[in-house]
Amino acid sequence: RAETATDPAPLDMVETFVNFRPRELWPKRVIRYADAEKQTRGVLKALDRRGFIAGSRGEDRDSLVNDAAQKALERFDEVMRELALKRYQEIERELGSTADADAARLKQWKERVKATNWELFDRGTEAFTWLALEETVKAAQSKGLLASATRGAESERFATAAFNTQVGRPHDATAFPAFGELRAELEVPFRDAVVFRQRTGGPKGDLVDDEFGRVLQVPGWSNIFTQPIVNRIEMLSTGVRTDIGIKVFGPDLETITRVCQQIEAAVKPVNGARDVVAAPIMGKGYLEITIDRVKAARFGVSVEDVQTEIETALGGRVVTYTVEDRERFPVRVRYARAYRDDEDAVKRLLVPARMTADAKPGTPATGDAAFRPEAHAGVIEHSAKGKRLVPLIAVADVRITEGPAVVKSENGRLLNYVTLNVRGRDAVGFVEEAKRVVAQKVKLPEGVHVEWAGEFEHQERAARTLRWVFPAVILVIFLVLYLTYHDLADAGLMMLAVPEALAGGAFFLFLFPKIVNGWDSPPLDFSVAVWVGFIACFGMATETGIVMLLYLREAIEKRGGLENIRSLDELRAAVIEGAVHRLRPKLLTEGVAIIAIFPMVFATGVGAEVLAPMALPVLGGLLISDEVVDLFLPVRFFWVRKARWEKLEAEGKLNHQRAASIEGERKA
């Protein structure tokens, strides 16, 4: 890594690219936790009924089932993964990779994958039932439920044999037959009820959190699963290489490290936190030379002499320049590597000294056993220009100390990061909760402050903008409607479609993930794309309402307006004519919009993470608001026109009333 403006990845970042096969070729080897728990509960009942374990009740039973199901499911995933990998490697050897496969080869792949899925189902139902038996007996053994059971001794032998088999030790094969019969009995109803499925990709799926989190984990590393280009953009814009980074600024590295560890411990339990790591300040060896001014004074060595010797020997010193044409090059003098390649060699560096009266040549410094002047007895005096030479160890403390490999800073202050990813919830909501937790649990020392960085900053900035854009859009829609109809009541009737569209969009955000990924899936995160989708939804819902209102107004105008309507029955008939007889063109208008938006909901590939959140509010808002508009807008329109007609009737301003009045006056 270069850690440049175009490649901000640091040197300690290792990238691994994972290429996926087409989705239709993924094996069906996963069962849901609900199915695993149900089968484990059935195993527990069967073991209890046959006397292999003693009965447990209430919370203890639920805890036992939960522990056994979790462990059995982890082992089941490993078994299924190994079997699927083996079969896929066999298919690749026979058919080749699908990266550049033609249609015929892809069809053969699909056929082989279908056969593999049936094998995984047969082996999987058998494997999970057996693993559930093992883990249930082990869990019962840890809770002391085997000693009092009528056949507890058999269960003890089975648990021991199962453990030895798992770790590859010699085992007692006679402990398995009784439980093998029980497995065969429990496997039959399990096969009829369970459904094997593929891993679910995407941010809400279990592919990253479950599969990658366990299979691709290297001890001491924190994983970040993202797209390469997206990762670069986020690192350039936010400065961190994970979803969220907590920057801890402080006066010294020790304090910063301690606060980072406290923040890590506080944030880990927060719902949605994944891969929480306080970036360790990695140590490396530094050569530390501390000049002892007392010893230096005894030998008549100045601090400047020591520093000059160290600079010349280790770093090199510019003594002159050479001129080549129009360029100047410095000539640097430095000791040969043999005289500076380790700590002991540095200790033997010679420093010129002027001996004082109390420090005669050949006499070591008091208490300094490392100073052995006899090693330098052969030094010729004129080589040091009349000065005596003493080793560096005589006037300085030379040692290797542990120090940070990299010292990070920002705006002139030391800092370190706590990095983490967010899964299963929106980043903004997570940051708000995590900030409250950190404020409650972590007491910041004086001079330490915390800043939060990550992709959520973009959403927060967009949300601040949308806080005034959102009401501005609604206001503009209302003004356009009023300028079109010059009627506040009709504009208000159109605006009633906005809360109905909002309810429909929110309903679809809640329901759609459950339909696609299962009923346990959380609602779609409320992101900037969702905000934009709602704004578009409001406009389109109002647009469809305009079609209905247009026909309702035309039905009144055809009869000459409210002044020419003689009764409420005639008014009601006009409204029904506008609502029912003109329903077809309105439904066609709505249908075209819905059909156009529907494919965006199921979009895949590049940009799908933006298209679907944007399309769902529009689709849900149209479906719900359109039905409400079709049913309730004519009713509301009738209420408004009824009130106006009754007012005209009370004031005697209806045309038939005026005609009757004129006729009466004429006869009179």
Any idea which heavy atoms bring Ile289 and Ile310 closest together, and the distance? CG2-CD1, 3.6 Å
So do Val276 and Val418 actually touch side chain to side chain, heavy atoms under 4.5 Å? yes
Do Glu134 and Thr165 touch side chain to side chain, with heavy atoms closer than 4.5 Å? no
Among Val438, Ile244, Val437, exactly one meets side chain to side chain contact (heavy atoms under 4.5 Å, CB included) together with Val267. Which residue is that? Val438
Any residue meeting salt bridge (charged side-chain N to carboxylate O under 4.0 Å, His left out) with Glu288, in chain and number order, not counting sequence neighbours: Arg399
Interatomic distance, Tyr88 atom OH to Leu25 atom CG [nearest 0.5 angstrom]: 6.0 Å
Under the salt bridge (charged side-chain N to carboxylate O under 4.0 Å, His left out) criterion, do Arg258 and Glu254 qualify, and how do the steps go? CA-CA 6 Å; Arg258 184 177 69 254; Glu254 183 179 354; 5.1 Å; no
Would you please name every residue forming a side chain to side chain contact (heavy atoms under 4.5 Å, CB included) with Ala140, sequence neighbours left out? Ile53, Leu64, Leu145, Leu146
Check the side chains of Asp305 and Ser302 for a donor-acceptor pair under 3.5 angstrom, ignoring hydrogens and angles. yes
Student check: side-chain heavy atoms of Val351 and Leu389 closer than 4.5 Å: no
Evaluate the side-chain proximity of Val448 to Pro251: yes if any heavy-atom separation is below 4.5 Å, no if none is. yes
Atom CD1 in Ile31, atom CE in Met80: separation rounded to 0.5 Å? 9.5 Å
Leu314 side chain near Leu287 side chain, heavy-atom distance below 4.5 Å: yes
Decide whether Gln166 and Lys138 meet the rule of one side-chain donor and one side-chain acceptor closer than 3.5 Å. yes
Between Arg23 and Gln198, do the side chains contain an N or O donor and an N or O acceptor separated by less than 3.5 Å? yes
Return yes when atom OH of Tyr286 has more than 12 non-hydrogen atoms of other residues, nucleotides or ligands closer than 6.0 Å, and no otherwise. yes
Are Leu420 and Ile246 side-chain neighbours, meaning at least one heavy-atom pair lies under 4.5 Å? yes
Contact list for residues 391-419, test ring-ring contact (aromatic ring centres under 6.0 Å, His included), sequence neighbours left out: none
Who passes salt bridge (charged side-chain N to carboxylate O under 4.0 Å, His left out) against Glu410, sequence neighbours left out? Lys247
Is the side chain of Thr312 donor-acceptor paired with the backbone N or O of Glu309 at a distance under 3.5 Å, no angle test? no
At their closest point, which heavy atom of Tyr339 faces which heavy atom of Leu349, and how far apart are they? O-CD2, 3.6 Å
Using salt bridge (charged side-chain N to carboxylate O under 4.0 Å, His left out) as the criterion, list what pairs up with Glu37, not counting sequence neighbours. Arg41
With sequence neighbours excluded, what pairs up with Asn411 under the side chain to side chain contact (heavy atoms under 4.5 Å, CB included) test? none
Leu73 side, atom CG; Leu131 side, atom CG - distance, nearest 0.5 Å: 10.0 Å
Using salt bridge (charged side-chain N to carboxylate O under 4.0 Å, His left out), reason through Asp77 and Arg199 one step at a time and then give a plain yes or no. CA-CA 11 Å; Asp77 285 340; Arg199 284 287 183 193; 3.5 Å; yes
Could you work out, with side chain to side chain contact (heavy atoms under 4.5 Å, CB included) as the rule, every residue matching Thr160, not counting sequence neighbours? Asn164
By side chain to side chain contact (heavy atoms under 4.5 Å, CB included), which residues pair with Arg334, not counting sequence neighbours? Arg340
Between Asp341 and Ala345 the two heavy atoms that sit nearest each other are OD1-CB, 3.9 Å
Taking all heavy atoms of Val301 and all of Pro352, pick out the closest pair and write down the distance. CG2-O, 3.7 Å
Please determine whether a side-chain nitrogen of the Lys or Arg among Arg337 and Asp342 lies less than 4.0 Å from a carboxylate oxygen of the Asp or Glu. no
Can you name the closest pair of heavy atoms from Ile400 and Gly285 and give their distance? CG2-CA, 4.1 Å
Applying ring pair (Phe, Tyr, Trp, His ring centres under 6.0 Å) to Phe249 and not counting sequence neighbours gives His449
What's the spacing between Glu311 CD and Glu304 CD if we round to 0.5 Å? 10.0 Å
Here the salt bridge (Lys or Arg N to Asp or Glu O under 4.0 Å) pairs for residues 442-453, sequence neighbours left out, are none
Within a 6.0 Å radius of atom CZ on Arg293, are there more than 12 heavy atoms belonging to other residues, nucleotides or ligands? no
I need the full list of ring-ring contact (aromatic ring centres under 6.0 Å, His included) pairs touching residues 302-331, with sequence neighbours left out, sorted by first then second residue. none
Could you pull out the closest heavy-atom pair between Cys260 and Ala278, with the gap in Å? O-CB, 3.7 Å
Indicate yes or no: does Lys347 engage Glu343 in a salt bridge with an N to O separation below 4.0 Å. yes
Partners meeting salt bridge (charged side-chain N to carboxylate O under 4.0 Å, His left out) with Glu433 (sequence neighbours left out): Arg425
Do the side chains of Glu432 and Arg436 get close enough for a salt bridge, i.e. N-O under 4.0 angstrom? no
Residues Tyr33 and Asn66: side-chain donor-acceptor under 3.5 angstrom: yes
Are Val346 and Arg348 close enough that some pair of their side-chain heavy atoms sits under 4.5 Å apart? no
Tell me, yes or no, whether the heavy-atom count around Lys71 atom NZ, taken from other residues, nucleotides or ligands under 6.0 Å, exceeds 12. no
Short N-O contact, Glu211 and Arg29, less than 4.0 angstrom: yes
